[in-house]
Amino acid sequence: MQGRRLTASRALVRDVRLLGRLLCEAIEASDGKEAREIVEQVRTLSIAGRRKTSPRLNEKLAPFCADMPPRTLKRVIRAFSQFSQLMNIAEDAHQARVQRFSIADGEPAMPGTIARSLSVLAAAGVEAEAIRKLLVEAVVSPVFTAHPTEVRRKSVIDIEQQLAQCLSRLEQAGLTAQETDRYQADLERATTTLWQTNSLRGRRLEVVDEILNGLSYYDSTIFRVIPEVYEGLENQLRGSPWRFAQDALPPFLRMGSWIGGDRDGNPFVNGETLREALRLQSERVFSFYLGELHSLGAELSLDDRYVKVSQKLQRLATDSPDRSEQRRHEPYRLAISGMYARLAATARKFGSTELVREPVAAAPCYLSPAEFAEDLATIGKCLIANGAGKIAAGKLRSLQRAVDVFGFHLVSLDLRQNSEVHQRVVHELFEKVRPGTGYEALAESDKIHLLTEELRSSQLLVTSLKTYSAETMSELSVLREAAEAHKRYGRASIPNYIISKAGSPSDLLEVMVLFREVGLFRPDEPEAASVNIIPLFETISDLRSSHDVMQTVLAIEAYRTYQGALGGKQEIMLGYSDSNKDGGYLTSGWELYKAEMAFIQLFDREGIRLSLFHGRGGSVGRGGGPSYEAITALPAGAVAGSIRLTEQGEVIAAKYSNPALGRRNLELLIAATLEASLLPSDAQEPDPEFLHAMEELSGLAFGAYRCLVYETEGFEHFFWEATIIGEIAKLNIGSRPASRSSSRRIEDLRAIPWVFGWSQSRIMLPGWFGFGSAVEQWLTGHPDGLPTLQRMHRDWPFFQTLIANMEMVLAKTNMAIAARYVNLTPDAPAHEKIFARIKDEWEATTAALLGITDQASLLENNPALKQSIHHRFPCLDPLNHMQIDLLRRHRAGERDQDTEEALHLTINGIAAGLRNSG
């Protein structure tokens with residue numbers, strides 16, 4: 001196996017060099033030999049600079065880039081941005097290759113695979129019935145979200161997917177020389193297309209663009225992969241030692257989305273965009289079903305002169321409007337032709353405007369996905385009865401699984417809004433009918449009393465005799481669209497409502513009142529509750545009070561009845577991004593962990609099933625990092641068969657850009673859920689000494705972080721001037737503003753651009769600041785404490801994951817490059833003092849981490865990531881240097897199109913190069 005791994009590693013180097021060479025050839029063919037030579041010269045200087053030990057890193061590269069004229073500079077930036085994307089493609093192919101080698105060599109399955117997890121569960125004595133019971137109630141759902149720093153065009157995403165497919169084809173065994181040449185030519189064409197395609201948008205991204213970007217991954221990956229994942233798990237469970245008798249698993253793995261439903265801080269999401277999001281999702285799933293049904297019809301040429309036909313199948317064939325003489329003895333094809341006609345009519349009813357293939361004739365619509373699924377089941381049963389079970393287990397079974405999962409709505413769309421908006425809307429509604437109520441100014445206990453009294457009545461607050469503010473009308477229009485979606489697509493289309501910045505019980509009750517106004521909740525029929533109300537606890541103070549908030553709200557009869565009508569299950573969302581911006585990396589992680597433990601105890605006492613929704617982003621500063629490790633590191637009882645987590649921006653591409661990656665990442669989520677839910681809980685309980693040490697470390701780190709970010713005079717100006725955040729806010733990046741308001745206060749800035757700005761300047765502050773000084777101070781009070789920290793790292797998955805993610809960020813940090821960003825600031829002396837504090841903390845954090853992990857250098861125990869950095873950073877560093885000089889020109893008044901486009905390109909390239917730190 002070691003030899004195969006070495007071969008895989010060499011194949012990665014081969015792919016990186018191949019893609020780099022093809023891009024250089026495309027540059028030369030398109031822009032001339034001189035352009036290629038300049039690009040190669042920059043890369044040579046970058047490699048030389050990284051090999052130097054002098055702190056004056058890249059001392060030749062920076063001035064060389066600064067002397068380029070704008071048009072040449074833009075060309076070089078495009079080249080290095082695309083190098084970064086091509087390396088991502090090569091690394092993704094490498095991951096799939098390693099997985100295949102592991103399977104082919106009969107080695108123990110890799111951690112995070114379903115096979116490995118089932119082996120672990122079997123060794124722990126977990127019974128098949130426990131797995132069956134868990135999967136009946138399980139929920140595993142990655143939720144796609146857009147964000148304000150989205151940097152990629154759909155056209156570019158499509159080309160990159162083509163490149164990945166070309167690489168995959170070249171990996172196939174037994175290719176002839178002609179096939180190899182053809183696939184190589186395809187790769188060359190795709191690389192040339194990438195180089196000659198503009199990666200920048202001519203306008204600001206709109207919500208509909210974000211919706212279409214998210215849906216593109218269904219065509220390339222998700223439609224194909226989800227049925228495969230179910231089939232793989234079913235096959236594993238049927239094997240020894242499980243002997244699982246159940247034919248088909250319940251659809252516990254489902255996709256979610258916020259794109260088109262997330263209004264928090266995005267004024268461009270309204271009732272109209274919600275309706276369009278639902279229509280586009282439905283159109284995409286009908287297009288898929290129709291294509292699969294057509295393909296299935298071509299496959300099922302079985303003749304009734306050779307096979308028996310059930311009465312139900314014969315009825316489908318007879319009812320079909322297809323009167324083709326050629327298919328007179330082909331009942332399966334006749335049945336499918338009729339089903340196609342019905343499905344096409346249903347698609348048009350739901351708003352699809354174009355069909356790839358027209359039906360043979362008009363037919364009545366399907367009334368529900370269940371009705372369509374029943375017809376598919378009729379075909380499957382007939383095949384099995386005629387000894388054609390293997391045919392039924394192919395394309396037909398995949399389509400059946402897809403219908404179970406996607407229905408007619410494709411993906412469950414969550415709604416989200418900020419609690420402050422709800423409060424203003426409810427305040428206005430009360431004032432219109434009871435002037436002087438003064439809802440916003442009421443004490444929390446009085447708000448609860450007023451809201452609970454209101455929830456006993458079916459009398460609406462909204463009346464056609466009054467006029468309302470634009471904000472209130474917009475909020476009500478969104479909720480009315482949600483009510484209509486339930487009638488049109490079913491409750492699964494919009495099952496959840498997230499309340500951002502939830503901090504009090506009234507925040508949840510306000511949403512119930514708004515639901516009543518549009519028919520999503522009826523006090524006289526509480527059992528008709530249809531949308532989960534999910535509080536999102538984001539800030540450190542909100543996390544600390546979250547237990548008391550939920551304890552209070554669960555004691556309110558109206559809410560408890562509502563929650564019981566939804567199955568006695570409460571979902572709570574935890575905000576990694578804002579808690580990190582509020583309290584720093586270490587404290588955020590620890591407060592999230594403590595909140596989870598408190599919820600587990602509370603909901604166990606109350607007899608309510610708890611489901612946690614993790615608002616993880618792409619970067620470590622926003623809760624990112626490997627999903628499997630993060631889930632299995634949660635406190636015992638935190639998963640219990642249910643896990644939802646957000647996937648956003650560049651991370652969606654990293655995880656779902658091709659089928660092999662998509663399947664791997666979905667299996668990771670399932671494997672982690674199985675292990676975290678079913679392994680004996682005592683194996684996950686941390687040592688009390690560890691908990692005590694973390695509490696002390698967190699307090700020290702919190703003080704260091706708050707002192708710098710919120711208590712240092714001039715820090716706000718430092719951030720806006722020493723990073724590219726100001727330019728990000730002005731360029732065509734993302735559909736929403738960078739801040740929730742027009743101010744530049746750190747408190748008002750959205751967490752995503754906060755992290756993105758630090759990443760672009762290579763400081764990565766949200767992923768590590770405060771840890772080093774916390775460890776130094778803690779060891780001062782505990783002189784013999786280092787062995788304790790080392791044991792925590794060795795024996796506690798939570799601390800292991802915390803350290804591993806921080807190590808990744810530290811390895812991607814570059815203080816020499818960061819210093820050049822600081823030199824851009826007009827108040828250099830004051831800002832240099834702030835930067836000196838940051839640099840000292842970075843050194844202290846690195847030293848502390850190395851001491852705890854007993855390493856001589858970062859990533860000593862992570863050769864894969866170390867190799868990745870070795871490959872990609874010679875392409876990343878030049879982008880930073882070029883971005884710095886462009887920022888200088890831009891801020892000096894050079895606002896021409898070439899300068900702005902070049903600046904935007906550097907943002908794309910650096911985000912691609914850092915990948916999960918942007």
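Note that the coordinates shown come from a computational prediction; the quantities given were computed from them, not determined experimentally.
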Open item on the list: When you measure from the side chain of S677 to the backbone of G641, do you find a donor-acceptor pair of N or O atoms at a distance under 3.5 Å?
Closed with: yes
Task: Heavy-atom closest contact (S419 atom, I499 atom, distance) - done: CB-CG2, 3.8 Å
TODO: Measure centre to centre between the rings of F252 and Y230, then say whether the value is under 6.0 Å.
DONE: yes
Task: Residues in ring pair (Phe, Tyr, Trp, His ring centres under 6.0 Å) contact with Y705, at least two apart in sequence or another chain - done: none
Open item on the list: Donor-acceptor check, side chain of N665 to backbone of K655, threshold 3.5 angstrom: yes or no?
Closed with: yes
TODO: Report yes if some heavy atom in the side chain of I572 is under 4.5 Å from a heavy atom in the side chain of P535; otherwise report no.
DONE: yes
Open item on the list: Under the criterion salt bridge (charged side-chain N to carboxylate O under 4.0 Å, His left out), I'd like the reasoning laid out for E484 against R275: C-alpha separation, chi angles, the key distance, then a yes or no.
Closed with: CA-CA 9 Å; E484 284 300 312; R275 183 168 60 252; over 6 Å; no
Task: Exam field: side chain H614 to backbone L645, donor-acceptor pair closer than 3.5 Å - done: no
Open item on the list: Can you confirm whether M473 is buried at CE, in the sense that more than 12 heavy atoms of other residues, nucleotides or ligands lie under 6.0 Å from that atom?
Closed with: no
Task: Cationic N near anionic O, under 4.0 Å, D264 to K501 - done: no
- [ ] Examine the side chains of Y628 and E667 and answer whether a donor and an acceptor come within less than 3.5 Å of each other.
- [x] no
Open item on the list: Just by distance, no angles: are the side chains of E629 and T801 close enough, under 3.5 Å, to form a donor-acceptor pair?
Closed with: no
Open item on the list: If you take the centroid of each ring, where Trp contributes its six-membered ring, are Y593 and W796 closer together than 6.0 Å?
Closed with: yes
- [ ] Not counting sequence neighbours, which residues clear ring pair (Phe, Tyr, Trp, His ring centres under 6.0 Å) with F521? List them please.
- [x] Y562
- [ ] Side-chain contact test, heavy atoms from C-beta onward, threshold under 4.5 Å: evaluate it for I226 versus F406 and give yes or no.
- [x] yes
Open item on the list: Just checking E127: does its CD atom have more than 12 heavy atoms from other residues, nucleotides or ligands closer to it than 6.0 angstrom?
Closed with: no
Task: Criterion salt bridge (charged side-chain N to carboxylate O under 4.0 Å, His left out) on R480 and E517, from CA distance to verdict - done: CA-CA 9 Å; R480 288 181 181 125; E517 297 301 306; over 6 Å; no
TODO: Report the distance from atom CD1 of I608 to atom CG of L554, rounding to the nearest 0.5 Å.
DONE: 4.5 Å
Open item on the list: Determine whether a donor-acceptor pair (N or O, by modelled atom type, separation under 3.5 Å) exists between the side chain of S642 and the backbone of V639.
Closed with: no
- [ ] Report the distance from atom CD1 of I643 to atom CG of L253, rounding to the nearest 0.5 Å.
- [x] 13.0 Å
TODO: Check whether any side-chain heavy atom of M255 lies under 4.5 Å from a side-chain heavy atom of F144, and answer yes or no.
DONE: yes
Open item on the list: Run E675 and T632 through side-chain hydrogen bond (donor to acceptor under 3.5 Å, both in side chains) and show every step you take.
Closed with: CA-CA 7 Å; E675 290 184 39; T632 53; 5.9 Å; no
Open item on the list: Other residues, nucleotides and ligands only: do more than 12 of their heavy atoms fall within 6.0 Å of CD on Q459?
Closed with: no
Open item on the list: Quick one, R424 and E510 - any side-chain contact, counting heavy atoms below 4.5 Å?
Closed with: no
Task: Partner residues of A598 under the side chain to side chain contact (heavy atoms under 4.5 Å, CB included) criterion, sequence neighbours left out - done: H547
- [ ] Name all residues meeting the side chain to side chain contact (heavy atoms under 4.5 Å, CB included) criterion together with L442; count only those two or more places apart in sequence or in a different chain, and write none if there are none.
- [x] Y439, D446, K447, L450
- [ ] Take S506 and Q423 through the test side chain to side chain contact (heavy atoms under 4.5 Å, CB included) and record every step on the way to the result.
- [x] CA-CA 9 Å; S506 62; Q423 181 175 265; 5.6 Å; no
Task: Residues R263, E475: salt bridge by 4.0 Å N-O rule - done: yes
Task: Interatomic distance, N270 atom CG to S477 atom OG [nearest 0.5 angstrom] - done: 6.0 Å
Task: Distance in Å, L697 CG paired with F799 CZ, rounded so as to fall on 0.5 Å steps - done: 6.5 Å
TODO: Evaluate the criterion side-chain hydrogen bond (donor to acceptor under 3.5 Å, both in side chains) for residue pair S579 and E538; output intermediate values, then yes/no.
DONE: CA-CA 5 Å; S579 61; E538 299 182 83; over 6 Å; no
Task: Check: N266 side chain, F268 main-chain N or O, donor-acceptor pair, under 3.5 Å - done: yes
Open item on the list: Treating S412 as the side-chain partner and A492 as the backbone partner, does any N or O pair qualify as donor plus acceptor under 3.5 Å?
Closed with: yes
Task: Carboxylate-amine/guanidinium contact R434 E454, below 4.0 Å - done: yes
TODO: Could you walk me through whether E591 and S698 pass side-chain hydrogen bond (donor to acceptor under 3.5 Å, both in side chains), step by step?
DONE: CA-CA 9 Å; E591 292 298 335; S698 175; 4.5 Å; no
Open item on the list: I'd like to check L586 versus L802 (side-chain heavy atoms, cut-off strictly below 4.5 Å). Are they in contact?
Closed with: yes
- [ ] Would you check, one step at a time, whether the test side chain to side chain contact (heavy atoms under 4.5 Å, CB included) holds for S530 with R491?
- [x] CA-CA 7 Å; S530 58; R491 290 183 177 183; 3.5 Å; yes
Task: S282 side chain vs F408 backbone, donor-acceptor pair below 3.5 Å - done: yes
Task: By ring pair (Phe, Tyr, Trp, His ring centres under 6.0 Å) - contacts of H422 (at least two apart) - done: Y497
TODO: Might you work through the side chain to side chain contact (heavy atoms under 4.5 Å, CB included) test for V426 and L451, ending with a clear yes or no?
DONE: CA-CA 10 Å; V426 169; L451 293 168; 4.3 Å; yes
TODO: Please work out whether the ring planes of F613 and W258 are parallel, tilted or perpendicular, with thresholds of 30° and 60°.
DONE: perpendicular
- [ ] Flag the pair D414 and R644 as a salt bridge only when some basic side-chain nitrogen lies within less than 4.0 angstrom of an acidic carboxylate oxygen.
- [x] yes
TODO: Kindly say whether S504 contributes a backbone atom to a donor-acceptor pair with the side chain of D507 at under 3.5 angstrom?
DONE: yes
Task: Min side-chain heavy-atom separation V425-Y468 under 4.5 Å - done: no
Open item on the list: Is there a side-chain contact between S500 and R416 in this structure, where contact means two heavy atoms from C-beta onward sitting under 4.5 Å apart?
Closed with: yes
TODO: Hey, could you give me each pair passing salt bridge (Lys or Arg N to Asp or Glu O under 4.0 Å) that has a residue in residues 548-563? Not counting sequence neighbours.
DONE: R560-E606
Open item on the list: To the nearest 0.5 Å, what is the distance between CG on L415 and CG on L520?
Closed with: 8.5 Å
- [ ] Check the side chains of E647 and T145 for a donor-acceptor pair under 3.5 angstrom, ignoring hydrogens and angles.
- [x] no
TODO: To the nearest 0.5 angstrom, please state how far the CG atom of L674 sits from the CG atom of L669.
DONE: 11.0 Å
Open item on the list: Using a 3.5 Å distance criterion without hydrogens, assess whether the side chain of R522 forms a donor-acceptor pair with backbone atoms of A529.
Closed with: no
Task: M806 side chain reached by I803 side chain, heavy atoms, under 4.5 Å - done: yes
- [ ] Using atom types as modelled and distance alone, determine if a side-chain donor or acceptor of R254 lies under 3.5 Å from a backbone N or O of V405.
- [x] yes
- [ ] Begin from the C-alpha positions of M512 and L508 and carry the test side chain to side chain contact (heavy atoms under 4.5 Å, CB included) through to its verdict.
- [x] CA-CA 7 Å; M512 286 184 66; L508 285 76; over 6 Å; no
